[in-house]
Amino acid sequence: MMRGYVRSSPYFFRRIKIAMTLLILVLLILAAFIPAPLQEPANIGRVPNPVKSAWFLLWIQELVSYSKYLIYAVLALAAACILLPWLTRRGSIEHAAWLQRDRLPVNVAALLVFTAISALTVIAMFFRGENWAFVLPF
């Protein structure tokens, strides 16, 4: 074994299996004690105001509330995420590493997208009120 490296089989995969088992156990325990935030069944005669989508889609709802054409930005972002492995010019990968210098533009772009999505989600979740108006949460 080379110094500073862990062989992938069986050592690395054993760690992955342990981590996955622990994650599943934690999720099962949390699911048993924390109820799902489901609302009452839908009633067309009584529509809540505002209607917010699931938390992981709130950023798209917030973005589309500015302009319907921004859905194309979301589609372009999805296409860019699909093409992400081919966006960097790199030959063979010798070893895995976090935040490599030759992939700095992709890393910065991914960080900016993550920050924008997080900010839009927070705005939509806490700062939108009746008729999707901007309100203060407190």
Side-chain angles (χ1 to χ4, degrees):
M1 178 184 316
M2 292 177 32
R3 188 173 209 179
Y5 291 92
V6 177
R7 299 184 100 201
S8 58
S9 181
Y11 306 109
F12 180 70
F13 292 117
R14 188 176 297 153
R15 290 180 183 179
I16 294 291
K17 287 178 187 175
I18 292 170
M20 191 172 83
T21 304
L22 290 175
L23 178 66
I24 289 172
L25 286 174
V26 168
L27 288 176
L28 287 174
I29 291 170
L30 288 175
F33 293 107
I34 300 174
L38 298 176
Q39 297 178 355
E40 61 192 43
N43 182 358
I44 194 69
R46 209 176 103 214
V47 178
N49 187 9
V51 176
K52 293 184 179 181
S53 62
W55 66 268
F56 52 88
L57 296 174
L58 271 176
W59 68 277
I60 297 174
Q61 186 176 2
E62 176 67 23
L63 196 63
V64 174
S65 71
Y66 298 115
S67 171
K68 64 182 176 186
Y69 297 109
L70 287 175
I71 193 65
Y72 296 114
V74 174
L75 295 175
L77 180 64
C81 287
I82 291 172
L83 298 174
L84 197 58
W86 294 280
L87 291 179
T88 58
R89 297 180 189 171
R90 186 162 183 183
S92 64
I93 297 175
E94 297 172 10
H95 64 278
W98 289 97
L99 304 175
Q100 294 179 350
R101 286 182 183 246
D102 59 338
R103 295 180 182 215
L104 185 64
V106 173
N107 292 333
V108 169
L111 185 63
L112 289 175
V113 167
F114 173 76
T115 304
I117 288 173
S118 299
L120 288 171
T121 301
V122 168
I123 289 171
M125 184 173 285
F126 298 111
F127 294 94
R128 291 296 180 180
E130 199 169 304
N131 295 325
W132 206 252
F134 189 79
V135 296
L136 293 176
F138 309 107

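Heads up: numbering here begins at 1 and tracks the sequence.
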If hydrophobic clusters are built from ILVMFWY residues whose side chains come within less than 4.5 Å, do [X] and [Y] share one?
{"X": "F13", "Y": "M20", "value": "no"}
{"X": "V108", "Y": "V113", "value": "no"}
{"X": "I82", "Y": "V74", "value": "no"}
{"X": "Y69", "Y": "I60", "value": "yes"}
{"X": "Y72", "Y": "L77", "value": "yes"}

Nearest heavy atoms of L63 and L70, plus distance in Å: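 Of all heavy-atom pairs spanning L63 and L70, the closest is O-CD1, 3.2 Å.
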
Considering all heavy atoms, the nearest G129-P50 contact: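 Closest pair (atom of G129, atom of P50, distance): O-CG, 3.2 Å.
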
All ring-ring contact (aromatic ring centres under 6.0 Å, His included) counterparts of F127, not counting sequence neighbours: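 Partners of F127 under the ring-ring contact (aromatic ring centres under 6.0 Å, His included) test: F134.
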
Q61 side-chain N/O to V51 backbone N/O, donor-acceptor pair under 3.5 Å: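 Side chain of Q61 to backbone of V51: a pair is present.
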
Backbone N/O of A124 and side chain of K52: donor-acceptor pair under 3.5 Å: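 Side chain of K52 to backbone of A124: a pair is present.
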
Criterion side-chain contact (heavy atoms from CB on, under 4.5 Å) on L58 and I123, from CA distance to verdict: CA-CA 9 Å; L58 271 176; I123 289 171; over 6 Å; no

Nearest-0.5 Å distance, [atom1] of residue [X] to [atom2] of residue [Y]:
{"X": "L25", "Y": "I29", "atom1": "CG", "atom2": "CD1", "result": "6.0 Å"}
{"X": "I117", "Y": "L112", "atom1": "CD1", "atom2": "CG", "result": "11.0 Å"}
{"X": "Y11", "Y": "R14", "atom1": "OH", "atom2": "CZ", "result": "7.0 Å"}
{"X": "I18", "Y": "L23", "atom1": "CD1", "atom2": "CG", "result": "13.5 Å"}

CA sep, side-chain torsions, deciding dist, call: L28, I24, side-chain contact (heavy atoms from CB on, under 4.5 Å): CA-CA 6 Å; L28 287 174; I24 289 172; 4.0 Å; yes

Y66, OH: over 12 other non-hydrogen atoms inside 6.0 angstrom: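 Atom OH in Y66 is packed in, count exceeds 12.
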
